[in-house]
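Letters A, B, ... are given to chains in the order of the sequence lines, protein chains preceding strands, and every chain is numbered from 1.
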Amino acid sequence: MQSLELFETPAQDPCQRLGPAAMVLRGFALPYVQQVLPAIEVIAATSPFRHMVTPGGFTMSVALTNCGALGWTSDRRGYRYTSVDPDAGVPWPVMPEAFARLASQAAKAAGFEHFEPDACLVNRYTPGARLSLHQDKNERDYDAPIVSVSLGMSATFLFGGHARTDPAVKVPLHHGDVAVWGGVDRLRYHGVMPLKDEPHALLGSQRINFTFRKAG
DNA sequence: TAGTAGCG
DNA sequence: CTAT
């Protein structure tokens, strides 16, 4: 297994570097949890979590919804961003201020100034759910970083290279951790190992992940 | 290949 | 890897 550098940020939070422009900010989201958790219910009330189908015709194990001007969707025709929830037939819920602030502050802490996401994909993992290695490449430009927030059950994040067959580093992600990657690392393959059922004190047997992007 | 199964 |  590949070794990873561990060091301290000025803010004293542990930070794990995954690449020249990729890192995990340990516990960065913890101060936001109280604000963010209730907002998930509000979002799901308008745009419920659903299991989307991939172009290959398989149903994703991860349930998802979105908030913000653009939302990531998948069906038999492919992956894309839409301004309207295809299930609900109405625009995706507005991105809560606390979400945007969290994303922007995390990006800044990772070295990316002025990150203004227009898309927040909200993923819900239950035991066994996984995301196989993929690249985020449906966004208009790759200048903006990806900001990924973990809440609830822990997961093993896979961070690979620029080719699918490149070896992937396994990174544990816990409640409150934020992973950020951009710049030369923006298009690196990544994924999540099948989730183990180790219930979280606050969220029970689930993991919620926010993925913030500048999609438009 | 943001999946999965089956074969070798 | 290949069909799906």
Side-chain angles (χ1 to χ4, degrees), chain A residues 18-19 21-22 24 40 43-44 47-88 92 95 99 103 117-173 177-182 185-196 206-216:
Chain A
L18 305 178
V24 176
I40 299 171
I43 292 164
S47 291
F49 287 95
R50 80 292 304 262
H51 294 271
M52 290 186 172
V53 174
T54 64
F58 295 93
T59 301
M60 294 176 68
S61 58
V62 175
L64 65 90
T65 183
N66 291 276
C67 65
L70 293 170
W72 185 89
T73 67
S74 175
D75 59 25
R76 294 305 298 260
R77 301 174 37 216
Y79 316 126
R80 61 193 169 278
Y81 285 92
T82 65
S83 53
V84 169
D85 177 344
D87 279 16
W92 297 104
M95 191 186 303
F99 282 40
D118 55 15
C120 175
L121 172 56
V122 184
N123 292 305
R124 187 180 63 196
Y125 294 72
T126 48
R130 53 173 289 194
L131 209 51
S132 61
L133 280 181
H134 68 277
Q135 292 173 300
D136 291 7
K137 55 179 186 184
N138 289 98
E139 297 73 31
R140 182 175 295 283
D141 73 71
Y142 304 139
D143 292 343
I146 305 292
V147 174
S148 176
V149 177
S150 293
L151 297 172
M153 287 205 294
S154 299
T156 302
F157 184 60
L158 299 169
F159 201 67
H162 286 85
R164 177 179 293 278
T165 51
D166 288 346
V169 169
K170 290 181 177 180
V171 187
L173 292 180
D177 290 348
V178 181
V180 181
W181 63 98
D185 293 318
R186 173 62 179 73
L187 287 174
R188 285 179 59 173
Y189 276 88
H190 56 280
V192 177
M193 297 270 286
L195 206 70
K196 290 175 293 186
Q206 64 175 340
R207 168 176 186 260
I208 299 289
N209 165 260
F210 302 133
T211 305
F212 294 96
R213 307 184 177 102
K214 180 97 181 69

>> Please report the distance, rounded to the nearest Å, between CZ in A/R164 and C1' in C/dC1.
In response: 13 Å

> Across the strands shown, which category fits A/G57 at heavy-atom distances under 4.0 angstrom: base, sugar-phosphate, nothing?
Replying inline: nothing

> Which part of the nucleic acid, if any, lies within contact of A/S74, taking any heavy atom under 4.0 Å across all strands shown: a base, the sugar-phosphate backbone alone, or nothing?
Replying inline: nothing

> Is the NZ or CZ atom of A/R124 both under 6.0 Å from the centre of the six-membered ring of A/F49 and within 45° of that ring's axis?
Replying inline: yes

> Quick one: A/R76 CZ to B/dT4 P, roughly how many Å, whole number?
Replying inline: 14 Å

>> Taking B/dT1 as the reference, what is the distance to B/dG6 when you measure between their C1' atoms (whole Å, please)?
In response: 16 Å

> Side chains of A/W72 and A/N123: does their closest heavy-atom pair fall under 4.5 Å?
Replying inline: no

> NA contact type, A/R213, heavy-atom cut-off 4.0 Å: base, sugar-phosphate, or nothing?
Replying inline: base

> CG of A/L131 versus P of B/dT1: gap in Å, rounded?
Replying inline: 14 Å

>> If the threshold is 4.0 Å, N to carboxylate O, is there a salt bridge linking A/R186 and A/D143?
In response: no

> How many Å lie between CZ on A/F58 and P on B/dG6, as a whole number?
Replying inline: 11 Å

> With under 30° as parallel and over 60° as perpendicular, where do the rings of A/F212 and A/F99 fit, or are they tilted in between?
Replying inline: perpendicular

>> Rounded to whole Å, please give me the gap between CG in A/N138 and P in B/dT1.
In response: 10 Å

>> Measuring only between side-chain heavy atoms, which start at C-beta, is A/Y81 closer than 4.5 Å to A/N66?
In response: no

> Can you name the residues that form a side chain to side chain contact (heavy atoms under 4.5 Å, CB included) with A/P48, not counting sequence neighbours?
Replying inline: A/R50

>> In dot-bracket form, 5' to 3', how is DNA chain B paired? Count Watson-Crick and G-U wobble pairs only if both distances fall under 3.5 Å, and write | where the partner sits on another strand.
In response: ...|||..

